[in-house]
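All chains are named by letter (A, B, ...) in the order of the sequence lines, taking the proteins before the strands, and each is independently numbered beginning at 1.
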Amino acid sequence: MRPAQPQYRNARAGELRIDDAGRRVTLAGWVARRRDHGGMIFIDLRDASGYVQVVLREDDMAHTLRSEFCVQVTGEVSRRPAGNENPELATGEIEVIANQLRVLSESATLPFPIEGQGANEVGEEARLKHRYLDLRRTGPAATLRMRSQVNKVGRSVLDQHGFVEIETPNLTRSTPEGARDFIVPVRLQPGHWYALPQSPQLFKQLLMVAGMERYYQIARCFRDEDFRADRQPEFTQLDVEMSFVNRDDVLAVAEDVVVALWREVAGVELPRPFERMSHAEALRRFGSDKPDIRFGQELTDCTAYFSETSFRVFQAPHVGAVVMPGGAGQSRAELDGWQGWARARGAKGLAYVLVGPDGDLGGPVAKNLSDTEKVGLAELVGAEPGDAIFFAAGPRRHSLELLGAARQEIGRRCDLIDNSAWRLLFVVDFPMFTPTENGGWTAEHHPFTAPTPDWMDRFDAEPEYALADAYDLVCNGWEIGGGSVRIHQSDLQRRVFDLIGLDKDEAESQFGFLLDAFAYGPPPHAGVALGWDRIVALLSGAESIREVIAFPKVASGGDPLTGAPTPIPPAQRKEAGIDARPDVPLRDR
RNA sequence: GGUCCCGUGGAGCAGUUCGGAGUGCUCGCCGCCCUGUCAAGGCGGAGGUCGCGGGUUCAAAUCCCGUCGGGACCGCCA
């Protein structure tokens with residue numbers, strides 16, 4: 001007869017309650033904390049459901065237990081003696097009186113504390129190197145579970161809307177987004193390379209041509225660019241595309257998903273509809289295309305006010321200002337600090353005027369201003385006595401963005417931001433094109449983005465002003481989604497290609513397959529992609545998306561756990577065909 | 001490509017301004033004691049290339065140069 005299948009447990013530690021008193025249970029889990037009194041040993045046993053206190057009587061094995069041993073315990077669930085309840089624990093009314101203890105596996109001494117004092121202060125490098133231990137901890141584990149719930153809610157909402165979940169290739173060819181591709185050598189065709197998708201953009205458009213009408217995918221995307229707290233080289237989007245819809249139809253679906261997430265995951269009912277703001281207004285009022293509207297301190301345009309000024313610095317295409325409440329009280333060192341802060345952003349500096357208690361203006365800039373300029377300045381920018389006014393002068397967009405960054409910094413330093421607030425908005429009507437270095441134009445979003453309906457006929461006449469039917473979703477200053485209405489008419493597509501200087505051969509070689517597909521009755525379509533890592537980070541309060549990714553990479557591109565990337569041996573290199581010469585000459589685009 | 005911050009027993013820090021013996025704190029680890037703790041407690045103990053290399057100096061964790069690693073930001077990035 002074969003031995004029976006092992007039975008490791010018949011109850012979960014964190015689920016035991018007072019009603020279970022008297023039950024004989026078998027638990028399996030880890031020794032989270034240990035309190036050894038000699039004749040009596042308490043351990044807090046942890047499994048995925050939570051913790052329960054196990055009481056062990058003196059015997060040799062109990063004394064040998066150490067942190068994070070994996071153990072199996074059999075015993076009776078008992079009400080704790082009066083006065084010994086622990087309200088900190090969900091299972092604090094009861095304990096398990098063990099009469100059988102089995103060590104399933106031992107643990108070496110831990111590289112950092114998992115439980116108790118210091119567990120929340122471990123450096124990220126150590127945590128990531130032993131991420132499997134980091135994830136035993138309550139907080140990081142809860143974040144991954146939250147992410148799973150986010151996936152579930154997203155799928156559920158889209159399913160209710162009749163969407164079809166479809167997987168697209170990860171080994172593909174370069175897509176026309178602007179980032180650097182990760183490339184993969186192809187053994188069967190030496191000298192030829194796959195690219196990892198920066199997004200499933202072209203495939204989802206092909207699925208619209210295919211008549212799927214409503215597609216979505218929780219899609220991994222790859223971009224070989226430098227890291228940030230909110231950027232990893234591989235990241236996840238909830239990717240959505242719809243046929244026979246306009247912009248507002250897409251925004252409504254995105255809103256449905258986000259509202260459901262905040263409701264189901266955070267217990268927050270977001271007000272609907274989400275606010276909408278044109279890109280131009282966001283830039284003008286907040287100096288950003290992803291404004292944090294949890295606080296005011298909006299920018300003031302002072303260009304006209306200083307149009308006659310004799311102060312050289314303010315003789316610029318654009319002069320703007322932002323007010324720092326109470327900023328006049330800053331020390332010289334703090335004010336100098338702002339200069340360094342501005343220079344780090346590529347500016348010459350950040351001019352400032354201090355409003356004294358009596359309303360008189362101080363600071364190095366004030367003496368360069370005429371009396372008439374001084375008189376109305378505080379009122380113009382909305383400054384009160386005791387405030388500091390920061391100025392940026394120069395090219396309009398650059399000045400606005402510098403002030404926008406200053407505004408955000410002011411919000412942080414002056415504690416103007418309500419950290420419990422959720423402020424979502426759609427930024428719409430992005431510029432369709434941006435100028436290139438050699439005097440041409442390039443698509444701001446991607447070359448399949450349609451102009452807004454009122455620019456349809458004239459975008460190529462005034463490309464600098466043309467608006468695209470593209471949109472971003474912004475939450476508390478984080479860009480958490482973006483998309484556009486796509487071009488489905490070949491003549492319109494031709495005009496856009498002409499404007500960005502893409503001739504027929506180039507278009508054909510880069511994405512001829514998409515243009516071919518569009519010859520067969522492509523439906524009008526539009527889509528959006530939500531930044532899944534950022535959304536989970538916001539919902540979980542994480543400062544970095546590394547916290548919401550099971551095994552993230554560090555800024556140099558490595559994974560401290562696996563040690564990837566690694567060199568490869570010559571045989572593997574040869575087999576991969578990395579060094580094969582292409583049979584057609586190629587030039588840089 | 002650039003700017004800034006950090007690197008000190010296993011973890012987290014202090015010490016670095018203004019050079020003077022590896023000094024200190026909390027935790028962990030090891031041993032002993034301990035029957036109601038829950039960040040258990042008591043006593044004792046081990047554990048260090050102050051990231052690495054060079055320079056200045058009678059003397060460097062501390063000052064200078066370089067380099068490596070981590071982080072934040074600019075550039076870059078649907």
**Note: A:Arg546-A:Glu124 ion pair, threshold 4.0 Å (strictly below)** = yes
**Asked** Is the closest basic N to carboxylate O distance between A:Arg136 and A:Asp47 below 4.0 Å?
**Response**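 Result for this pair is no, no salt bridge flagged.
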Atom-pair distance ([atom1] on [X]; [atom2] on [N]), nearest Å:
X	N	atom1	atom2	result
A:Glu409	B:C4	CD	C1'	13 Å
A:Leu65	B:C29	CG	C1'	16 Å
A:Ile43	B:G36	CD1	P	18 Å
A:Asp44	B:C38	CG	C1'	6 Å

My understanding is that a pair needs two contacts under 3.5 Å, Watson-Crick or G-U wobble. By that rule, which nucleotide pairs with [N]?
N	value
B:U56	none
B:G45	B:C29
B:G7	B:C68
B:C18	none

So what does [X] hit on the nucleic acid, given a heavy-atom distance under 4.0 Å: a base, only sugar-phosphate, or nothing?
X	value
A:Ala344	sugar-phosphate
A:Arg127	nothing
A:Ala119	nothing
A:Asp36	base
A:Gln232	nothing
A:Ser544	nothing

**Prompt:** Any side-chain donor-acceptor pair under 3.5 Å between A:Gln217 and A:Thr168?
**Reply:**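 Note: A:Gln217 and A:Thr168 side chains meet the donor-acceptor criterion.
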Span that lies between the [atom1] atom of [M] and that of [N], in whole angstrom:
N	M	atom1	result
B:C68	B:C77	P	26 Å
B:A46	B:G24	P	13 Å
B:A39	B:C27	P	13 Å
B:G54	B:A59	P	15 Å
B:G15	B:C50	C1'	10 Å

Decide yes or no, distance alone: a donor-acceptor N/O pair under 3.5 angstrom between the base of [N] and the side-chain of [X].
X	N	result
A:Arg345	B:C74	no
A:Glu95	B:G36	yes
A:Arg35	B:U35	no
A:Arg343	B:C74	no

**Asked** Stacking check: are the rings of A:His37 and B:G41 less than 5.5 Å apart at their centres and under 30 degrees in tilt?
**Response** no
Has [X] got its NZ or CZ under 6.0 Å from the middle of the six-membered ring of [Y], at an angle within 45 degrees of the ring axis?
X	Y	value
A:Arg345	A:Trp341	yes
A:Arg231	A:Trp478	no
A:Arg33	A:Tyr51	yes

**Message:** Side chain of A:Arg223, heavy atoms from C-beta onward: which of B:G71, B:C38, B:C77 has the nearest atom to it?
**Reply:** B:C77
**Request:** Classify the angle between the aromatic ring planes of A:Phe390 and A:Trp338 as parallel (below 30°), tilted (30 to 60°) or perpendicular (above 60°).
**Result:** tilted
**Item:** First of A:Glu125 and A:Gly340 reached from the 5' end of RNA chain B, by closest nucleotide
**Value:** A:Gly340
**Asked** Closer to the 5' end of RNA chain B via nearest nucleotide, is it A:Ala555 or A:Phe227?
**Response**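 Looking at the nearest nucleotide for each, A:Ala555 comes out on the 5' side.
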**Complete:** Counting primed atoms, P, OP1 and OP2 as sugar-phosphate and everything else as base, the B/S/- map of nucleotides 8-17 of chain B against protein heavy atoms under 4.0 Å is --SSS-----
**Request:** Go through the structure and list residues passing side chain to side chain donor-acceptor pair (under 3.5 Å) with A:Tyr471, not counting sequence neighbours.
**Result:** none
**Prompt:** Are A:Phe112 and A:His130 close enough, and set up right, to give a side chain to side chain contact (heavy atoms under 4.5 Å, CB included), and what steps lead you there?
**Reply:** CA-CA 9 Å; A:Phe112 55 81; A:His130 303 275; 3.8 Å; yes
